[in-house]
There are 2 protein chains.
Amino acid sequence: MTRTEFSVTVDLVLLTIRQAALQVMLVSRGIPPHQGRWALPGGFVHGDEDLGEAAARELREETGLDPRDGYFEQLATYGRPGRDPRGRVVTVAYLALLPDLPTPVAGSDAAGAAWRPVDEVRGDLAFDHDEILADGIERARSKLEYTPLATAFCPPEFTVADLRAVYETVWRVRLDPRNFHRKVTGADGFVEPAGGTVIRDRGRPAQLYRRGPATSLHPPLMREPTRPPDQRPDGRRTS
Amino acid sequence: MTRTEFSVTVDLVLLTIRQAALQVMLVSRGIPPHQGRWALPGGFVHGDEDLGEAAARELREETGLDPRDGYFEQLATYGRPGRDPRGRVVTVAYLALLPDLPTPVAGSDAAGAAWRPVDEVRGDLAFDHDEILADGIERARSKLEYTPLATAFCPPEFTVADLRAVYETVWRVRLDPRNFHRKVTGADGFVEPAGGTVIRDRGRPAQLYRRGPATSLHPPLMREPTRPPDQRPDGRRTS
DNA sequence: TTGCTTTTCGTCGTTATGACGATAATCCCG
DNA sequence: CGGGATTATCGTCATAACGACGAAAAGCAA
């Protein structure tokens with residue numbers, strides 16, 4: 001029973017919302033393998049590091065961001081033989097949900113790091129990063145249902161409409177502003193008033209909120225309605 | 001930048017329900033480190049294996065079970081330096097939910113493998129397996145809320161009461177049999193009638209069901225009530 | 001001022017839920 | 001064979017949550 005030796009890397013699925021689109025941080029690979037292609041930021045785990053530490057270090061090195069700026073959790077681990085031509089490499093992927101920070105890219109490691117809309121990069125990534133990205137997006141989607149983590153995409157103070165935009169962007173749905181407002185302000189500990197107002201574009205000024213102390217949402221916000229009411233005799237709308 | 005070399009193992013959190021208790025499969029370690037202590041079954045990933053394949057192989061080798069007997073998913077990965085005195089070892093933990101199979105333990109690898117109630121082993125496991133077990137139990141608990149995976153703890157045909165016992169055991173709560181019956185039989189695709197009846201101990205015979213085609217539960221079964229109704233001025237019941 | 005936009009508060013009918021009553025179908029014990 | 005115990009299943013009721021939508025509030029532009 002020979003103990004195969006592995007290299008272990010961490011890869012980062014950094015998600016944010018910019019320009020009304022879900023975007024992911026990618027780096028253009030400057031060296032083989034997959035030179036010139038886009039890939040998730042990441043790197044090898046050092047000899048004295050825990051996995052989460054390595055991921056946080058890579059986050060700082062490649063983007064200048066801090067895990068505490070948003071939300072950070074382990075996503076999954078990928079180790080298919082042949083996933084990396086350099087040898088047997090297992091990668092532990094981490095997922096981060098980040099606000100749209102002013103100076104997002106100031107990396108040192110990566111040649112070019114950039115936020116890219118997830119829709120424009122699907123299928124083009126190096127290694128098995130397409131699969132990792134897809135898993136990260138799905139994780140983010142379901143996290144929004146049962147946790148208040150949508151606030152991780154927002155700056156410290158935000159409006160209900162900002163939060164709604166997060167859900168609409170990540171879930172690719174359109175939500176009723178009135179019902180959404182009721183649910184968010186009614187869910188215990190989801191948000192709490194910050195005590196100011198702001199006008200985003202037009203219309204009535206909106207209250208500012210901060211993220212509340214809740215760590216889970218009861219009741220959750222559901223992606224699909226609790227029950228497609230089983231009726232749809234015609235497709236008419238009430239004009 | 002020296003690429004540290006790692007060993008990679010898989011560890012299995014195998015959960016089942018036996019004798020009305022949540023139990024986990026453990027092996028008594030026959031060799032150092034941690035000789036004589038209980039540990040999660042697991043082993044090194046071979047050179048040509050994907051991680052999931054290695055976990056499935058260990059499952060077969062150590063317990064004779066098959067992943068398809070129940071439910072099987074990757075749990076999380078643990079790689080703290082020093083977690084294994086043999087060197088830098090990263091372990092990918094897998095979680096399996098299994099029915100109470102007739103011949104559960106027939107391992108070849110492990111000296112002694114046995115189902116142990118999770119309450120009796122908390123805090124006594126080798127390596128960081130206490131933490132892994134705790135994460136696995138918590139994952140199982142939340143999976144029961146949003147997925148029909150409680151059926152993975154049941155044999156192919158089961159009664160509503162069997163399913164309720166799964167929830168009561170895993171969540172450590174007591175559920176109202178009437179409301180539970182309504183929710184389970186009402187949730188779309190959760191269970192479907194198998195067309196027989198059986199008497200478990202006493203009382204009226206129960207209908208047999210099979211697991212349905214649903215992969216998620218809408219609406220979910222919630223551990224904590226949607227809202228502790230905020231009122232409790234007195235404790236009287238209307239009698 | 002008149003419009004337009006967005007936020008925020010309410011209303012209404014339907015569905016889901018927890019508490020619990022009632023009935024059905026079996027076994028046990030005399 | 002009949003009553004009691006036990007469990008499964010169906011129903012009822014009040015309340016909470018939800019989707020659809022009306023309407024008022026509060027700003028800007030013209």
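Just so it is clear, the structure is predicted and the values come from calculations on it, not from any experiment. Just so we're on the same page: letters track the sequence lines, and every chain starts at 1.
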Would you kindly compare B:Thr197 and A:Gln207 by the position of their nearest DNA chain C nucleotide and give the one closer to the 5′ end? A:Gln207

With no angle test and no hydrogens, is the base of D:dG19 tied to the side chain of A:Arg182 by a donor-acceptor pair under 3.5 Å? yes

Of the nucleotides C:dT7, D:dA17, D:dT9, which one has an atom closest to the side chain of A:Ala206? C:dT7

Looking at B:Asp124 and B:Arg116, is any side-chain nitrogen of the basic one under 4.0 Å from a carboxylate oxygen of the acidic one? no

Please classify the nucleic acid contact of A:Arg204 as base, sugar-phosphate, or nothing, using heavy-atom distances under 4.0 Å. base

Does the side chain of A:Tyr209 come under 3.5 Å of the side chain of A:Gln207 through a donor N or O and an acceptor N or O? no

Between atom CZ in A:Arg174 and atom C1' in D:dC21, what is the gap in whole Å? 17 Å

For side-chain hydrogen bond (donor to acceptor under 3.5 Å, both in side chains), just list the numbers for A:Asp11 and A:Tyr78, CA-CA rounded to whole Å, side-chain angles, deciding distance to a tenth of an Å, and then say yes or no. CA-CA 10 Å; A:Asp11 281 318; A:Tyr78 304 81; over 6 Å; no

Quick one: does A:Glu138's side chain get under 4.5 Å of A:Asp135's, heavy atoms only? no

Distance, rounded to the nearest Å, where A:Arg164 contributes CZ and C:dT5 contributes C1': 12 Å

Are OP1 or OP2 of C:dT7 and a side-chain N or O of A:His181 less than 4.0 angstrom apart? no

Base, sugar-phosphate, or nothing for B:Arg178, non-hydrogen atoms under 4.0 angstrom? base

Between CG of A:Leu175 and P of D:dA20 the distance, given in whole Å, is 11 Å

Rounded distance (Å) that lies between atom C1' of C:dA19 and atom CZ of B:Phe180: 17 Å

Applying a 4.0 Å non-hydrogen cut-off, can you work out what A:Asp176 is touching in the nucleic acid: base, sugar-phosphate, or nothing? base

Just N and O in the side chain of B:Arg202: are any of them under 4.0 Å from OP1 or OP2 of D:dT7? yes

Whole-Å gap separating P (D:dC21) and CG (A:Asn179): 10 Å

On DNA chain C, does the nearest nucleotide to B:Pro220 precede the nearest nucleotide to B:Asp201 from the 5' side, or the other way round? Give the residue. B:Pro220

Separation of C:dT8 atom P from A:Leu163 atom CG, nearest Å, is 12 Å

Phosphate OP1/OP2 of C:dT5: any A:Arg200 side-chain N/O under 4.0 Å: no

In this structure, how many angstroms lie between the C1' atom of D:dA8 and the CZ atom of B:Phe158, rounded? 16 Å

So, does A:Lys183 get its side chain near the phosphate of D:dC18, meaning an N or O under 4.0 Å from OP1 or OP2? yes

With under 30° as parallel and over 60° as perpendicular, where do the rings of A:Tyr94 and A:Phe72 fit, or are they tilted in between? parallel

